[in-house]
Amino acid sequence: MELKDYMELPYTRVVQEKNDESGHYFYGYILELDGCQSTGETLDELYQNLNEAMEGYLEIKIENNLPIPIPESADDYSGKFVVRIPKTLHKRLVIEANKEGVSLNQLALFKLSS
């Protein structure tokens, strides 16, 4: 594959708004490409900078004949996984879910996503 082919793949872009000692800005990275990241003062600038960072990242990988991860589709996942937990934690979570009036799955989804 060539650079343009990789650039057209649906890589996952993760964007975070930051307010810290550096001021207000946006930080982003490509989930599948370890170390491929950038910042920008606006979202548009971030996306432009992130695409430039991705292009440079991929060019180096291609030039050095290094493997490049291909993004996976959400269709490759069932959306289900099994986690074994202590009985006491299971009990506590069921009680909490009942108090909230939601299923245990809904409570677990909320806790995992926050």
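Bear in mind the structure is a predicted one, so any value in this text is a computation, not a measurement. Just the heavy atoms: all of them, side chains too, but no hydrogens, waters or symmetry mates, feed the values below.
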- Decide yes or no on side chain to side chain contact (heavy atoms under 4.5 Å, CB included) for Leu93 and Leu89, but give the supporting numbers first. CA-CA 6 Å; Leu93 292 171; Leu89 177 57; 3.9 Å; yes
- Task: Would you give the length of the straight line joining atom OH of Tyr29 to atom OG of Ser38, rounded to the nearest 0.5 angstrom?
- Result: 14.0 Å
- Note on the structure: What one should report as the nearest heavy-atom pair of Pro10 and Pro71 is O-CB, 3.5 Å
- What are the two closest heavy atoms between Tyr11 and Tyr6, and how far apart are they? CE1-O, 3.3 Å
- CA sep, side-chain torsions, deciding dist, call: Thr12, Ile30, side chain to side chain contact (heavy atoms under 4.5 Å, CB included): CA-CA 6 Å; Thr12 308; Ile30 307 296; over 6 Å; no
- Message: Applying side chain to side chain contact (heavy atoms under 4.5 Å, CB included) to Glu100 and Gln106, what does each step give before you reach the verdict?
- Response: CA-CA 10 Å; Glu100 294 293 325; Gln106 289 172 316; over 6 Å; no
- Message: Is there a path of hydrophobic side-chain contacts, each under 4.5 Å between heavy atoms of I/L/V/M/F/W/Y residues, joining Tyr27 to Leu50?
- Response: no
- For the atom pair NE2 (His90) and CD1 (Ile85), what is the distance rounded to the nearest 0.5 Å? 5.5 Å
- Query: If you count the non-hydrogen atoms of other residues, nucleotides and ligands that lie under 6.0 Å from OH in Tyr25, is the total more than 12?
  - Reply: yes
- Query: Is it true that atom CD of Glu45 has more than 12 heavy atoms of other residues, nucleotides or ligands lying nearer than 6.0 Å?
  - Reply: yes
- Test Phe81 against Val83 for side chain to side chain contact (heavy atoms under 4.5 Å, CB included), laying out the working first. CA-CA 7 Å; Phe81 69 99; Val83 178; 2.9 Å; yes
- Message: Are there over 12 heavy-atom neighbours, none belonging to Asp34, within less than 6.0 Å of that residue's CG?
- Response: no
- Judged by atom type as modelled, is there a donor-acceptor pair below 3.5 Å linking the side chain of Glu8 to the main-chain atoms of Asp5? no
- Do side-chain atoms of Asn49 reach the backbone of Gly40 as a donor and acceptor pair under 3.5 angstrom? no
- Going only through I, L, V, M, F, W and Y residues with side-chain contacts under 4.5 Å, is there a path from Tyr77 to Leu109? no
- Item | Interatomic spacing from CD1 in Ile68 to CG in Leu33 - rounded to 0.5 Å | 8.0 Å
- Task: Kindly work out whether a path of hydrophobic side-chain contacts (I/L/V/M/F/W/Y, heavy atoms less than 4.5 Å apart) joins Val102 to Val94.
- Result: yes
- Item | Contact summary for Leu9 and Ile70, nearest pair of heavy atoms | CD1-CD1, 3.8 Å
- Any luck finding a side-chain donor-acceptor pair between His24 and Glu41 under 3.5 Å? no
- What one should report as the nearest heavy-atom pair of Ile62 and Glu2 is CD1-C, 4.2 Å
- Query: Judged by atom type as modelled, is there a donor-acceptor pair below 3.5 Å linking the side chain of Asn64 to the main-chain atoms of Lys61?
  - Reply: no
- Message: Within this structure, what is the CD-CG distance for the pair Glu63 and Asn65, rounded to the nearest 0.5 Å?
- Response: 11.0 Å
- First locate atom CZ of Arg13, then atom CE of Met54, and finally report the distance between them rounded to the nearest 0.5 Å. 5.0 Å
- With rounding to the nearest 0.5 Å, note down the distance linking CE in Met7 to CG in Leu58. 6.5 Å
